[in-house]
Amino acid sequence: MSLLVDRVTKLKPSPTLSLSSKAKAMKAAGEDVINLSVGEPDFDTPDYAKAGGIKAIEDGHTKYTAVDGMPDLKASIIEKFKRDNNLEYTPEQIVVGTGAKPLLFNAFQASVDKGDEVIIPSPYWVSYPSMVEVAGGTPVIVETTEKDGFKLTAEKLKAAITQKTKWLVLNSPSNPTGAVYSQGELEAIAGVIKAHNHVYVISDDIYEYLNYTGQSYKTIAEIEPTLIHRVLTVNGVSKAYAMTGWRIGFAGGPKELMRAMSKLQSQSTSNPASISQHAALAAMNGPKEDIERMRGIFEQRRDSFINNINAIEGLSVRVPDGAFYAYINCSGAIGKTTASGKTIETDLDFADYILEDFKVAIVPGTAFGCSPYVRASYALDIETLGEAASRLKKAMQSLG
Ligand code: PLP
C-alpha cells in the first residue's frame with residue numbers, strides 16, 4: 001500500500017513557484033538572471049503597515065484571535081467592501097484567512113464534491129484547476145481568445161453550464177493576462193448566472209487596485225446585487241499593499257458558505273497570524289497615497305515594457321488593463337531553430353531557451369492552459385525591464 005493518496009500524487013506543484021525557484025537558484029549560483037516569473041510586487045510593505053505589525057508585537061497581541069479574523073479587522077474589511085464595491089456584509093459573512101489562496105482552497109473544499117463541475121476560463125491562474133481537483137471536482141476549462149481580450153463571453157459561459165455546474169471562477173484583473181472585465185461584460189455574464197439558479201460565482205478580485213483602465217473597478221456582486229447570495233468575493237492585502245509574505249486574505253459571501261469555510265479553518269490553520277492581522281488592519285486604515293503611487297509606477301512600467309515587446313519581430317502582446325503581467329504571444333518563435341540546433345516546438349521550449357541561453361525567466365503559457373504564450377511579470381524596475389526586453393529581442397534575432 002502506498003503512503004500517498006491519489007489526489008495528492010496527481011497534484012502538480014505550482015509551475016510558477018518552481019520556475020521562480022529555478023531562477024533564484026541560478027541567480028544564487030552567480031548567473032545574471034532577470035526573473036520575470038515573479039508573482040508579487042517588488043515594492044516594500046508600506047511603513048504604516050509594518051508599524052502596525054511591530055506595535056502588535058510590542059503590545060503583546062501575540063495570542064490566538066477569533067478563527068475567522070479579529071473583529072476590528074473584519075470591520076475594516078466590511079467598510080472596504082462598502083466603500084470600494086458597494087457590497088454590504090455582516091461580520092458573519094466575512095472570513096479572514098492566511099492569504100487569498102487558502103480561502104479559495106477552503107471554499108472548494110466546503111462546496112465541491114465528486115462529479116461537481118467548476119467553470120474556469122483559460123488562461124487561468126495556475127491554482128484554480130488543482131484546487132478543484134483536490135476537492136474531487138472537475139475543472140471545466142473554457143478557452144478564451146486573444147481576440148476577445150482573453151475574456152469569457154456570455155455565449156461561451158452559457159454553453160459550458162450543465163446541471164453539474166457548481167461554480168464559475170472569475171478573476172479580474174486577471175493573472176496571467178491582465179484582462180479587466182468592463183461593466184457591460186460583467187452584466188452579460190451576470191445575466192447568464194441569474195438564469196441558472198444552481199450556479200455560484202467566485203470573484204477573485206486580488207488585483208483590484210492594479211487597474212489601468214481609467215474606469216472604476218467593478219465586481220460581479222456589485223453589478224448584479226441580486227446575486228449577492230451566490231457570489232464569494234475574494235480579496236486581500238497581498239498585491240494591493242505589497243504584503244505577500246504577511247499572508248492575509250479575506251472573503252465575503254453567503255453565511256452558510258462562510259460558516260463552513262470558518263469551520264475548515266478552525267480544524268486546519270486556525271486564525272491567521274495575529275501580528276499580520278494587525279499589520280493588515282493598519283494597511284487598510286492607512287493613507288491611500290501609497291496604493292496610488294504603486295499603481296502609477298506599475299502603469300509606467302507596463303507602457304514601457306509593452307512597447308518594447310511589441311517592437312520585437314515575432315513577439316506581440318495585448319496591452320494588459322490591470323495586474324502586473326504581460327501575456328506574450330510567442331507563435332513567431334514556434335518551429336524556429338536555436339543557435340545550438342534545438343527546434344522550438346512549444347512555449348515550454350521557448351521559455352527554456354530564454355532562460356538557458358539569455359537568462360530571462362518567464363513562465364510558459366502551458367501552465368495557464370493557453371499556448372503558445374509566455375507570461376512575463378513587470379514587477380521590476382524600468383531599467384531591468386528594458387534589459388529583459390533587449391535580451392528577448394536578441395533571443396528572437398538568434399532564431400533561424
Ligand atoms: N488569486 C490570484 C489570481 C493570484 O494571482 C494570487 C497570487 O498569486 C492569489 C489569488 C493568492 O493571493 P495570496 O498571496 O493572498 O494568497
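Indexing begins at 1, ligand by ligand and atom by atom, following the structure's order.
Scanning the protein heavy atoms around atom 16 (O) of ligand 1, the nearest turns out to be Arg247 NH2, 2.7 Å. For atom 7 (C) of ligand 1, the nearest non-hydrogen atom of the protein is Lys239 NZ, 2.8 Å.
Taking each of Tyr128, Trp125, Phe250, Trp246 in turn, the one with a heavy atom nearest to atom 6 (C) of ligand 1 proves to be Trp125. The heavy atom nearest to atom 3 (C) of ligand 1, considering only Val169, Ile248, Asp204, is found in Asp204.
Heavy-atom proximity to Tyr207, at under 4.0 Å, picks out these atoms of ligand 1: 3 (C), 4 (C), 5 (O), 8 (O). Which parts of ligand 1 touch Ser238 is read off a 4.0 Å heavy-atom cut-off, strictly below it: atoms 13 (P), 14 (O), 15 (O). For ligand 1, the atoms lying closer than 4.0 Å to a non-hydrogen atom of Gly99 are 15 (O), 16 (O). Within ligand 1, the atoms closer than 4.0 Å to a non-hydrogen atom of Asn171 are 3 (C), numbered from 1 in the order shown.
Ligand 1 is never approached by Thr244 to a heavy-atom distance shorter than 4.0 Å. Every heavy atom of Glu40 sits 4.0 Å or more from the atoms of ligand 1.
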Derivation and outcome, ring pair (Phe, Tyr, Trp, His ring centres under 6.0 Å), residues Tyr373 and Tyr327 = CA-CA 6 Å; Tyr373 291 87; Tyr327 206 57; 4.9 Å; yes

Begin with the C-alpha distance, continue with both residues' side-chain angles, and end with the deciding distance and a verdict on salt bridge (charged side-chain N to carboxylate O under 4.0 Å, His left out) for Glu356 and Lys22.
-> CA-CA 11 Å; Glu356 297 293 331; Lys22 185 171 174 186; 3.5 Å; yes

Mind running side-chain hydrogen bond (donor to acceptor under 3.5 Å, both in side chains) on Tyr207 and Tyr325 for me, showing each step along the way?
-> CA-CA 11 Å; Tyr207 295 99; Tyr325 307 105; 2.6 Å; yes

Are Lys164 and Glu117 close enough, and set up right, to give a salt bridge (charged side-chain N to carboxylate O under 4.0 Å, His left out), and what steps lead you there?
-> CA-CA 6 Å; Lys164 293 181 179 165; Glu117 295 177 354; 5.1 Å; no

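In this structure, the ring of Phe358 has its center less than 6.0 angstrom from the ring center of Tyr353. For Tyr217 and Tyr209, the gap between ring centers reaches or exceeds 6.0 Å. Side-chain rings of Phe298 and Phe43 approach one another, their centers coming within less than 6.0 Å.
Under 4.0 angstrom from ligand 1, there are no non-hydrogen atoms of Phe105.
For Lys101, a nitrogen or oxygen atom sits less than 3.5 Å from a nitrogen or oxygen atom of ligand 1, counting backbone and side chain alike. Among the atoms of Ala100, some N or O lies under 3.5 angstrom from an N or O of ligand 1.
Contact check on Lys10 versus Glu133 returns no salt bridge, with no Lys/Arg side-chain nitrogen under 4.0 Å from an Asp/Glu carboxylate oxygen. Classification of Asp32 and Arg391 as a salt-bridged pair holds, one side-chain N sitting under 4.0 Å from a carboxylate O.
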